[in-house]
Amino acid sequence: MSVLDVKDLTIHIGDTKSPAHAVDSVSLHIERGEVVALVGESGSGKTLTGLAIAGLLDPPLRRVGGEITLLGEDLSALPERQLRRRRGDRLAMVFQDPMATLNPVLRIETQLVETIRAHRNVGRSAARDEALAMLDEVGITFPAQRLRAYPHELSGGMRQRVAIAAALINQPALLIADEPTTALDVTLQAQILALIDQYRRDHGTAVLWITHDLGVAAGFADRVLVMYAGQIVESGPCARVLHAPAHPYTAALLGAIPGSVPPGTPLATLPGQPPSLSPPPEGCRFRARCPRAEAACIAAPPQVAAGEARTVRCFFPLVTPP
Amino acid sequence: MNEPLFHARNISQSYILANGWRQRRSTLQALDDVSLALHAGEAVGIVGESGSGKSTLARIIAGLLPPTAGERFWQGQRLPDGPRDGIQMVFQDAASALNPRARVAELIAEAPRIHGLITGDESDFVATQLSRVGLDPQLAQRYPHQLSGGQRARVGIARALAVKPQLLVCDEAVAALDVLIQAQILNLLQQLRRELGLTLLFISHDLGVVRHLCERVVVMHHGRIVETAAAGQLVGLPQASLSRS
Amino acid sequence: MSRRGWFSLILLAALLLAALLAPWLASQNPYDLATLDILDARLPPGSAALDHGGTYWLGTDAQGRDMLSAMLYGLRISLTVGVLSTLLALTAGVVLGLLAAWHGRWVDALIMRVVDIQLSFPAILLALVLLALTGPGVSKIVLALLAAQWAYYARTARSAALVECQKDYVAAARLLRLPTWRILLRHVLPNCLPTLLTVAALQLAAAISLEATLSFLGLGLPVTEPSLGLLIANGFQYLLSGRYWISVFPGLLLVVVLTSCNLLADALRQRADPREAGR
Amino acid sequence: ADLRIGLAADVSSLDPHFVNIAPNIALSSHLFESLTSVDANGKLQPGLATSWKAVDPTTWEFKLRRGVKFHDGSELTADDVVFSLDRPATLTNSPGPFTSYTKPIVAKQVVDRYTVRLKTATPYGPLPLDVNSIFIVSKKAAQNATPEDFNSGKALIGTGPFKFASFKRGEAIELVRNPQYWGEKPAWDKVTFRILTSDAPRLAALLAGDVDAIENVPTADIARLKANPKFVLAQRASWRTLFWQLDQWRDNSPYVTDKAGKPLAKNPLKDVRVRQAISKAINRDALVERTLEGLAIPAGNIVSPGILGNAKALKPEAYDPEGAKKLLAAAGYPDGFALTLHGPNNRYINDEQVVQTVAQLLTRVGIQAKVETLPLSAYFGKARAGDYSVALLGWGSLAGDFALRSLVGTPNPDTGWGSWNWGRYSNPKVDQLVAASLASVEPQEREKLAEQAATQALKDYAVIPLYHQYASWGLKKGIKFTPRVDEFSFAWQFKPE
Amino acid sequence: MSGFMIRRLIQALLVLLTMSALVFVAVFAIGDPLALLVDPQADRHDIARVRAGLGLDQPWWVQYARFVGAMAHGDLGRSFVHGEPAIRLVLERMPATLELAVAALLIALLVGVPLGLWVGLQPRSWSARLIDALSLLGFSLPTFWVGMMFIMLFGVWLGWLPTGGRGETTLWLGIPLSIGSLDGWRHLLLPALTLALFKCSLLLRLTASATREALRQDYVRFARARGLHPARIVFVHVFKNILIPIVTVSGLEFGSLIAFAVVTETVFAWPGMGKLLIEAIGQLDRPVVVAYLLVTVTLFVTINLVVDLLYALLDPRVRLRSRP
Ligand SMILES: Nc1ncnc2c1ncn2[C@@H]1O[C@H](COP(=O)(O)OP(=O)(O)OP(=O)(O)O)[C@@H](O)[C@H]1O
Ligand SMILES: Nc1ncnc2c1ncn2[C@@H]1O[C@H](COP(=O)(O)OP(=O)(O)OP(=O)(O)O)[C@@H](O)[C@H]1O
Ligand SMILES: [Mg+2]
Ligand SMILES: [Mg+2]
């Protein structure tokens, strides 16, 4: 059984008359201990997908369809009260900006302890001990002092560690990490990645890693999902997808990375911009920028298998199905 | 060796921090005795972790920030404080680097007009500048918020080039962009270097980008230059994220 | 802009227009003593005039002034005072604020200390003392309001300008070697304007209200040229005696004016803050 | 029973000799008395002195009432009187000292325990009236007492019908009945004066039952109060007369111009015909009826009817706009001219309105009048400095010759004559008559001289009288009040019905 | 800290000196107190004597120098009109004004903050829209006009509450206060409400927008992502954050409450400092005007200081430099 199983998740933005179809029929699943990377350029709907799974969409964002199953339980049918019990317990989420995710006027201790006590009937001092252990586990030195500190007294990297500690403190089955390393410099990025990787190994946590950095996905994820304009255009095991992309968009992303060509030579680029999604264009959403587009692309391409454990949403994939 | 185009000598910069309640003042040494020479037509990259002083150095070179100590030379001449003709800069956050209340045409033409660099028709001038950075001249009447991120970055470059600089300082000019757009900009800079013989100082924390664009790389750490090397042979920088790919 | 914003803008425009056209809209020039007749004093709304057969739709005051005309002219004065003092204070504040933000160091310190001192002393008390000194008059009250309010603008302009000056487009403008005045006026100022306008709309209401309050305390305008505030004050003594119209009607008009200013300020603020736009 | 009275003005000090302003005098009158007293009609009556006479032209002898006890139980003696008459001159930091009343007295003589003689340098008729303003304090209590001692009640020992209970400055003063009072004992056990300086709240306090009586009922509310069966109104013409002072000394008066605002060749106000025209242009009946809502009577005199010096022959000027225009034409101003009327805006009943109405009326006869009103604080100073051309003044006096001395006497800073003669009218004949009147110790003769002086001055239009102001009190039903000409609200004159 | 305090104190001193000098000149220019106070019959000698007695015979700068000299010894002079030390007169009236201002602030806080929280949390509900509209109205009604309407409505027509004055007071630590008795409360209610109305609207709007702002912050989203109870999110996470602007603004507005008490006190015949000031200006009682200003400036400076300290207490991030 997967830890998370999402089927046909669809999210609209704005009024019912002319909504933007920001996320369209996204399906994904994550197994225990697996890291799945969700990549794509800015605005492709990655964050919305993550928020929808955690049940954190607020107006004007609306989930208009799809099923979300966490550990066999259908979250989409749960009332908010029940959903709240799952959040921070079985399912946790961390966000991009470590400056903003912690409440600036509450001590670290308060924020950790309240997370424990929101879900488990634990005494204050027991919760505090757990918090201390957790800080230690995420690699914070002098955890006892840090507990008394306010967020602004910590460095960016430490803050992100604390946020991760708060997310993991109830041992969730699933961690949704929405670009938690983007705001940090390279050294810190690597440390955080290593930290989560270690935790996953120790506890078997499933991780949905949202990022726009293919490099991160490459080094860290088991599987990768590539999103474009609200749709998943390609999925598959990380190594294979990045090595031999099936979708032209994935190929373009890889070709644009400096280092993919000799220094001084031009990088591959794509013309144009992603389409507006209100309403989304007919047919293949990548059509307008696609070097391989043909007349047939006027129809919406189905998601098809492209080799073992791989899918692609394209009539003319770069990798032919076996 | 011939005279460098630009030379910064023994630059130091310290910031005064007023800290907290007790108003304890401490100083932060952002740059410590940094010297850097740029030869005409050269592309030099600066890399370093966050807070290592890259932006501070860039601003001092551009003349936006008077250094606490040290001197700048332009073709051997000592430069007074303040900006100077011939040095321009492209900023990291293109959105904040463009006045949101000015149309693209005004953004590009304002300074050349004041400095008397426009000989013919102003709209032709703007069109030429826009085409040079690969933008549709139709965009001239738009406001910055009506442009995409990549377009904004290009307008920023076009504006800098419109006053015919010899040295272009790019402070993380591509850091906030998606890879696809980043690639466009990198290509554009390559092309401009070739065509205009521009000298480029390119600051980034992404070693891959610098390696792609520059011949020479300077590594900064804690306000000092710790290493200077040809782009291909760099070793000193901890490069966690890229090392695994 | 939101519906409320448009509504307030239209209302304010209508009020301004009414004030501008007062000489043509009003049946009487209430400031011209020759047109007043003491025998028509304190007539209730809808009364006919004694000799010239007109109707006083909103009644008359203690001098036999047609209330409707007086209110139109009063609106004119209130708005003039409000707008004039706001404009002057805005200009003064903006100049000083920009200067402080741009120059920094001792100029900033000096200007801001004066602002602090000014702000640590409430506007009403300052205006009170100043007016007691200068005596009544439109120009004097404008001056008093200017003195009382410039500091708000200076502070707002400075902090807005500081934010803008941090932005890279100012650095870019410096690199392009644009003249300082041009950077300040063409680049920095327009970007501070949303904030400043919001404050201005708010302060406009405050200025009008302050003028009314000072007039109420007997320190505002000359009696023969009553503003709305003075009309209210003059009618105050008739409130308890049932001749409500002398005070209540101008009061309602004042409330409408102030509400629309505040509504506008609200709308401007929401516009300036895109995250609020959805509300 | 208790009585609560709403006062219109604040009492600044309880020291009866500190500042010579009406609210303080009103309050002190409850606690202290003077040698003479003044009845509701302004007539001099015995006070602490039972009788007085001029034993020679420069010596007045006062016989003290026997057995009068101070609040502390000690007896009133001639020593207390002399002490009290000496005290005003010793208060150096008093801004408005009572010394002008004690100044004519050059010597004081204790004849016996109950007799005092006061000497003046020259014959001086109004002395008995002057000493009415000097309250007699207990020497024992007031010796070395500071104003603070009075305000705290420590030195507040008088002979009056009430005793001090408490003083909350700016808020309320409480008095209790003096059971040992020698005269008619007041009907109230306790009297509370509430300070309610704003008109509307004062009236509201009466209507809401927070006080039993108020003074200075706002004109606007007279009608309503009259119509309300739960309240009664007490009214009478008071001593205060309002009139215009006109600049008669400058050739170029600052606020008189032609209609285009340019200076005139000469000052039209110097021409008696112009002054008369102004007087004729004023419709006093309409002014009184409409602007003052009936709360005044048109005036042709400087002092109110019934007060010494009121010449009955002088009638209010009739409203005659045509006559005014003719006079203006005759004086050389057929098209009129422009002037500014100045007045206070917080001193007299509807003062600001009155100025406006007069401006309205003058405009109708071709004198284009502008209006400028100021708070009292700024107004009096400027007016006394001669800054204005036409200025409104109200004057309350219990003797015509007194009033004339200040208002139309030729100004002389050394003697204090003409100190309020803002227009600097000067007529030796008037001066002479006033001086004679003041010097006469014979009441009939004094009255005759005073009337003659007034008649002469008004014939010259030295000032233009407008009206005699009414004073009104609002009372809860069940309380009676004898209104006083001097506008004072004395608690003992309120009686339960 | 101490540097900050010292700077504040120097600033306060500067305000005091500037203000008192200004007032000195101003009151001089308005008029001559003797023209108001001296008896009509007084002759030149009388006037000269009085002038000398009050020290008014000197040029203003000499008077000012004397005043500053005396002030250094804690003596602010005697009221011309009352003959008592001016400072005592002002301090005597201060409790009434402070009580009024505090009551108004409490009303504004107790009404404005909860309503603002509601409006911020539920901006789309009709009740929030109604409250929002009403608050705008409350924002626009001039104080004196509201006072008049209150008097008319509650005092005269309905007769529920007294129309003015302070009513019964009881002594608390030697300070007469209204809140000790029912009668006192009845007198306090209307003026306090009048004074509070504007601040109430202000705080309501401030709270609402701060709440909206806070709700948009990532930390709220993170709190939700951790499954915290909504009540905890609102009353701990959001509230602790919005408390900062509320406290700051309340403190600063407290100063303006005292200033606007001038108007309210005039309308309601409330025997506070404001009324004293108006009267003193009317009587050209310079020592009292100066003393009033000195006392209020001192008060404001103290308030600002307290606000800064509170601010630092509430917001761990704070850097105690001068507020922007
Ligand atoms: N609260 C919102 N209101 C309106 N539109 C929104 C909102 N949140 C997201 N969107 C829009 O939905 C689309 C998808 O947004 P999303 O945040 O999921 O992108 P993303 O892939 O996470 O991009 P990035 O890499 O920049 O974080 C974008 O076009 C965005 O503008
Ligand atoms: N205006 C300033 N006041 C105080 N300290 C500053 C200021 N600007 C920069 N610093 C400090 O100076 C040091 C160098 O900053 P700088 O911005 O040059 O680093 P950087 O290498 O550009 O970092 P990044 O990669 O994050 O942009 C940092 O520690 C920074 O905190
Ligand atoms: Mg995102
Ligand atoms: Mg930088």
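Contact between C/Ile77 and C/Glu225 at its shortest, heavy atoms only, is CD1-O, 3.6 Å. Between D/Ile367 and D/Leu328, the shortest heavy-atom distance links the atoms CG1-CD1, 3.8 Å.
Of the inter-residue distances, the one linking D/Leu207 atom CG with D/Leu225 atom CG reads 6.5 Å to the nearest 0.5 angstrom.
When the candidates D/Gln368, D/Arg224, D/Glu293 are compared by the number of heavy-atom contacts under 4.5 Å with chain C, D/Glu293 comes out ahead. In terms of non-hydrogen atom pairs under 4.5 Å with chain C, the most contact-rich of D/Gln360, D/Gln353, D/Lys370, D/Glu289 is D/Gln360. With chain C as partner, the option from D/Thr291, D/Asn345, D/Leu374 having the largest number of non-hydrogen pairs under 4.5 angstrom is D/Thr291. Considering only heavy-atom pairs separated by less than 4.5 Å from chain D, the leading option among C/Thr224, C/Asp32, C/Ile38 is C/Ile38. For chain C, the option among D/Thr363, D/Asp199, D/Thr357 with the highest count of heavy-atom pairs below 4.5 Å is D/Thr357.
For D/Tyr467 and D/Trp244, the gap between ring centers reaches or exceeds 6.0 Å. Ring to ring, C/Tyr244 and C/Tyr238 are not that close: their centroids are 6.0 angstrom or more apart. Aromatic pair D/His342/D/Tyr255: centroids less than 6.0 angstrom apart.
Neither the backbone nor the side chain of D/Glu372 comes within contact range of chain C; no heavy atom of the residue lies under 4.5 Å from a heavy atom of that chain. Heavy atoms of D/Asn283 lying under 4.5 Å from chain C are absent altogether. Contacts between D/Asp221 and chain C at a heavy-atom distance below 4.5 Å involve backbone atoms as well as side-chain atoms.
Looking only at side-chain heavy atoms (C-beta outward), D/Thr340 and D/Ser389 stay at 4.5 Å or farther from each other.
Listed in order of number, the residues of residues 316-324 of chain D that approach chain C to under 4.5 Å between heavy atoms amount to none.
Remark: side-chain polar atoms of D/Arg202 are paired, donor with acceptor, to backbone N or O of D/Asn216 under 3.5 angstrom.
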**Asked** Do D/Thr373 and D/Glu352 pass the side chain to side chain donor-acceptor pair (under 3.5 Å) test, and can you show the C-alpha distance, the side-chain angles, and the key distance before you say yes or no?
**Response** CA-CA 6 Å; D/Thr373 58; D/Glu352 202 169 49; 3.1 Å; yes
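A salt bridge links C/Asp61 with C/Arg65; the closest basic N to acidic carboxylate O contact falls under 4.0 Å.
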